[in-house]
Engineer: 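My structure is below; once you've seen it, I'll send some questions.
Remember, predicted model here, so these are calculated numbers, not experimental data.
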Amino acid sequence: MSLADGQIPGEPAEPGPAPGRRPPAAPAAPATTGAPAPGPDEDASPDASPEACAEGAARRGRPRSEGVERAVFDAVIGLLEGGVALGDVSIERIARTAGVGKATIYRRWAGKEDLLVELIRSVEPPDPELPGTSVRDDLVVLLEFMLRRGLAKRTSALLRNMFAQMQTHPRLWDQYHRTAIEPRRRLGIEVLERGVAAGEIRADLDLELVNDLFVGPLLLRTVLQPDADLPPDLPARVADTILDGVRPRG
C-alpha cells in the first residue's frame with residue numbers, strides 16, 4: 001500500500017467492507033431549524049406580483065379560506081362605511097386593514113374589480129332557481145328575485161353606497177354587468193324562448209324588447225323611484241299583464 005492510497009506505513013490497515021456489500025450510507029443531514037414554510041393562507045412573498053400569485057394558485061390548486069375571505073370582505077365594508085371613496089379602496093389598503101398580505105388577496109381575486117363584484121353578490125339575494133313548471137311561473141320567480149334585490153338595496157347602506165359610486169368606475173361597472181346582470185338577462189330571454197316554443201308567446205315578437213317590458217316596471221320602482229311601493233304581488237301582476245299581451249292571437 002502506497003502513500004497515494006492514504007495508508008501510513010507501519011499502521012494496520014482499516015477493515016474495509018465485506019465483499020459483495022455496500023458501505024453503510026452516511027446519516028441524513030438534520031432538518032434545518034429556519035422559519036416554517038408558509039401555510040395555506042400565508043404569503044410566500046409579500047411582494048409577489050399578481051401574475052406570480054395567479055400562476056402559483058393555478059399550480060397548487062390552493063383552496064379558498066372562508067375565514068380569509070370574510071376578513072377581506074369585512075375590511076372593504078369597514079373602509080366604505082368609514083367614508084373611504086371607492087376609488088381610494090386599493091388592494092394594499094384592503095390587505096393592511098384585513099391583516100393579510102397582498103399576495104393572499106391576489107391568490108383569490110384577479111384584482112380589485114373581481115373582489116368588489118364578489119362582495120356585492122355576497123350581499124345581494126342569491127340568484128333564483130327556476131321551477132320550470134311553466135313560462136309564467138319562471139317569469140314570476142325572476143321578477144320576485146328583482147323585487148328582493150330592490151328591497152335589499154333599500155335596506156343595505158353598503159349596496160346603496162357601492163351602486164351609487166359604481167357609475168363613476170367603468171371597469172367595476174362593466175365587470176358587474178358582465179358577471180351578474182348579463183347572465184340574468186340571458187336567463188330571462190331563455191324563458192321567453194321556451195314560451196315561444198311552447199306556443200305561449202307569439203313567435204313574431206322581439207324577445208329582447210319583451211324582456212325589457214317584463215323587467216322595466218321592477219327596475220323603475222327599485223332604481224328610478226326608490227320610494228315607490230313594492231307590494232309582494234307585484235311580480236305576478238306584471239307577469240300576467242304582459243303575458244296577456246304577448247300570447248298568440250285567435
Engineer: Can you confirm whether more than 12 heavy atoms, excluding those of Arg171, are under 6.0 Å from its CZ atom?
Structural biologist: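 No.
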Engineer: Looking at every non-hydrogen atom in both residues, tell me the closest pair between Leu115 and Trp109 and how far apart they are.
Structural biologist: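 Heavy-atom minimum between the residues: CA-CD1, 3.6 Å.
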Engineer: Between Leu86 and Val123, is there a shared hydrophobic cluster once you connect ILVMFWY residues whose side-chain heavy atoms come closer than 4.5 Å?
Structural biologist: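 Yes, one cluster joins them.
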Engineer: Where do Met166 and Leu116 land on the side chain to side chain contact (heavy atoms under 4.5 Å, CB included) test, with the steps shown first?
Structural biologist: CA-CA 10 Å; Met166 269 175 32; Leu116 293 176; over 6 Å; no
Engineer: Would a distance-only check, ignoring hydrogens and angles, find a side-chain to backbone donor-acceptor pair under 3.5 Å from Lys102 to Ile91?
Structural biologist: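 The answer is no, because no donor-acceptor pair under 3.5 Å joins these two groups.
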Engineer: Is atom CD of Glu129 surrounded by more than 12 heavy atoms (other residues, nucleotides or ligands) closer than 6.0 Å?
Structural biologist: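 No, CD of Glu129 has 12 or fewer neighbouring heavy atoms, counting only those of other groups under 6.0 Å.
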Engineer: Do the ring planes of Tyr176 and Phe163 sit parallel (below 30°), tilted (30 to 60°) or perpendicular (above 60°)?
Structural biologist: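 Tyr176 and Phe163: perpendicular rings.
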Engineer: Can you check salt bridge (Lys or Arg N to Asp or Glu O under 4.0 Å) on Asp127 and Arg121, steps first, answer last?
Structural biologist: CA-CA 9 Å; Asp127 288 348; Arg121 301 200 67 181; 2.7 Å; yes
Engineer: Any side-chain to backbone donor/acceptor pair from Glu113 onto Gln175? Under 3.5 Å, distance only.
Structural biologist: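 Such a contact is absent between Glu113 side chain and Gln175 backbone.
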Engineer: Going by heavy atoms in the side chains, are Pro131 and Val141 under 4.5 Å from each other?
Structural biologist: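 They are in contact (side-chain heavy atoms under 4.5 Å apart), so the answer is yes.
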Engineer: Between Arg194 and Glu200, is there a salt bridge with N-O shorter than 4.0 Å?
Structural biologist: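 No, Glu200 and Arg194 are not salt-bridged.
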Engineer: Among Arg184, Arg148, Lys153, exactly one meets salt bridge (Lys or Arg N to Asp or Glu O under 4.0 Å) together with Glu124. Which residue is that?
Structural biologist: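 Testing each of Arg184, Arg148, Lys153 against Glu124, the sole residue satisfying salt bridge (Lys or Arg N to Asp or Glu O under 4.0 Å) is Arg184.
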Engineer: Kindly compute the distance separating OG1 (Thr222) from CG (Asp227), expressed to the nearest 0.5 Å.
Structural biologist: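 It comes to 12.0 Å.
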Engineer: Group every Ile, Leu, Val, Met, Phe, Trp and Tyr by side-chain heavy-atom contacts under 4.5 Å, then state whether Leu187 and Val117 land in the same group.
Structural biologist: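 No; Val117 is not reachable from Leu187 via cluster members.
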Engineer: Evaluate Val76 against Leu158 for side chain to side chain contact (heavy atoms under 4.5 Å, CB included), listing each step before the verdict.
Structural biologist: CA-CA 10 Å; Val76 177; Leu158 172 67; 5.9 Å; no
Engineer: Can you give me the closest heavy-atom contact between Pro248 and Gly199, atom names plus distance?
Structural biologist: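 For Pro248 versus Gly199, the nearest heavy atoms are CG-O, 3.2 Å.
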Engineer: If Ile, Leu, Val, Met, Phe, Trp and Tyr residues are connected whenever their side-chain heavy atoms lie under 4.5 Å apart, and connections chain through other members, are Leu219 and Leu213 in the same group?
Structural biologist: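 Yes; tracing contacts between hydrophobic side chains, which count when under 4.5 Å, links both residues.
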Engineer: Taking it one step at a time, do Leu205 and Leu209 satisfy side chain to side chain contact (heavy atoms under 4.5 Å, CB included)?
Structural biologist: CA-CA 8 Å; Leu205 297 175; Leu209 177 58; over 6 Å; no
Engineer: Does Arg108 reach the side chain of Thr104, with side-chain heavy atoms less than 4.5 Å apart?
Structural biologist: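 Contact flag for Arg108/Thr104 side chains = yes.
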